[in-house]
Amino acid sequence: MDHSLHYLLMANHAMLQKQLFAGIKDLGLSIGQPKVLDFLKDHDGAVQKEIARGCHIEPASLSTILTGMEKSGLLNRQASEENRRIVNVYLTDKGKELSAKITEAFIELEERALSGLTAQERIRVLADLTAIHDNLEAGL
């Protein structure tokens, strides 16, 4: 088995995604939608560019995701009152409800992923992953 960094990161991401969607299959969400809901939970009213950057999604892909979410009644887009060219994205009540369910699913997955680790080990894992993220982001 290959235990290189890139393999482990990709394999862990794939397993996380698979287990997440197995746990939320009844919510009817597609790939990309959970992380957008999670992002908007803390950044309601963000513009598309901020959402794309925060979720690591290409703007064109995000546009498709947002359109589907808008049709499903999870969010709405409103032109800014200060500048009509800027469109802010807001969660609807339905979107907020699903966002809370997504948060619960993420908490359960994180607990499963970190089970058996001490509090200090958990802190270290998060610190190391944050450092890796920062190093990779600096290369963009």
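What's counted below: heavy atoms across the whole structure, side chains too, no hydrogens, waters or symmetry copies.
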* Asked: Hey, does the side chain of N88 reach the backbone of V47 with a donor-acceptor pair shorter than 3.5 angstrom?
  -> no
* Asked: Is T103 reaching over with its side chain to a backbone N or O of S99, donor-acceptor style, under 3.5 angstrom?
  -> yes
* Minimum-distance pair of heavy atoms, taken over all atoms of N76 and E70 -> CA-OE2, 4.0 Å
* To do: Report yes or no: do E137 and N135 form a side-chain donor-acceptor pair below 3.5 Å?
  => no
* Asked: Got more than 12 heavy atoms from elsewhere within 6.0 Å of CG, N83?
  -> yes
* Side chains of V125 and D128: closer than 4.5 Å at any heavy-atom pair? -> no
* R124 and T118: side-chain donor and acceptor closer than 3.5 Å? -> no
* How close do L29 and P34 get, heavy atom to heavy atom, and via which atoms? -> CD1-CG, 4.2 Å
* Asked: Just how far is it from atom CD1 of I123 to atom CG of L114, taken to the nearest 0.5 Å?
  -> 11.0 Å
* Asked: If you measure from NZ on K35 to CG on L62, what distance do you get to the nearest 0.5 Å?
  -> 10.0 Å
* Asked: If you round to the nearest 0.5 Å, how far is NZ of K49 from CD1 of I86?
  -> 10.5 Å
* Can you name the nearest heavy-atom pair linking P59 to Q48, along with the distance? -> O-NE2, 3.3 Å
* Separation of C55 SG from I65 CD1 (nearest 0.5 Å) -> 8.0 Å
* Asked: What is the minimum heavy-atom distance between D44 and L91, and which atoms define it?
  -> OD1-N, 2.7 Å
* Asked: Do L74 and L40 touch side chain to side chain, with heavy atoms closer than 4.5 Å?
  -> no
Tabulate below the donor-acceptor pairs under 3.5 Å that side-chain atoms of residues 9-28 make, not counting sequence neighbours, or state none.
from, atom 1, to, atom 2, distance (Å)
N12, ND2, L8, O, 3.0
Q19, OE1, R112, NH1, 2.3

* Tell me yes or no: between the side chains of S80 and E82, is some donor less than 3.5 Å from an acceptor? => yes
* Any donor-acceptor N/O pair, K71 side chain to L66 backbone, under 3.5 Å -> no
* Asked: Side chains of M69 and V89: does their closest heavy-atom pair fall under 4.5 Å?
  -> no
* If you look only at pairs with a residue in residues 61-99, which of them pass as a ring pair (Phe, Tyr, Trp, His ring centres under 6.0 Å), with sequence neighbours excluded? -> none
* Heavy atoms only: give me the nearest G95-L37 pair and the separation to one decimal. => O-CD2, 3.7 Å
* Do any N or O atoms from the side chain of H43 and from the backbone of F39 form a donor-acceptor pair under 3.5 angstrom? -> yes
* Can you establish whether the number of heavy atoms outside R122 located under 6.0 Å from its atom CZ is more than 12? => yes
* To do: State plainly whether the residues D38 and K41 are in salt-bridge range, i.e. N to O under 4.0 Å.
  => yes
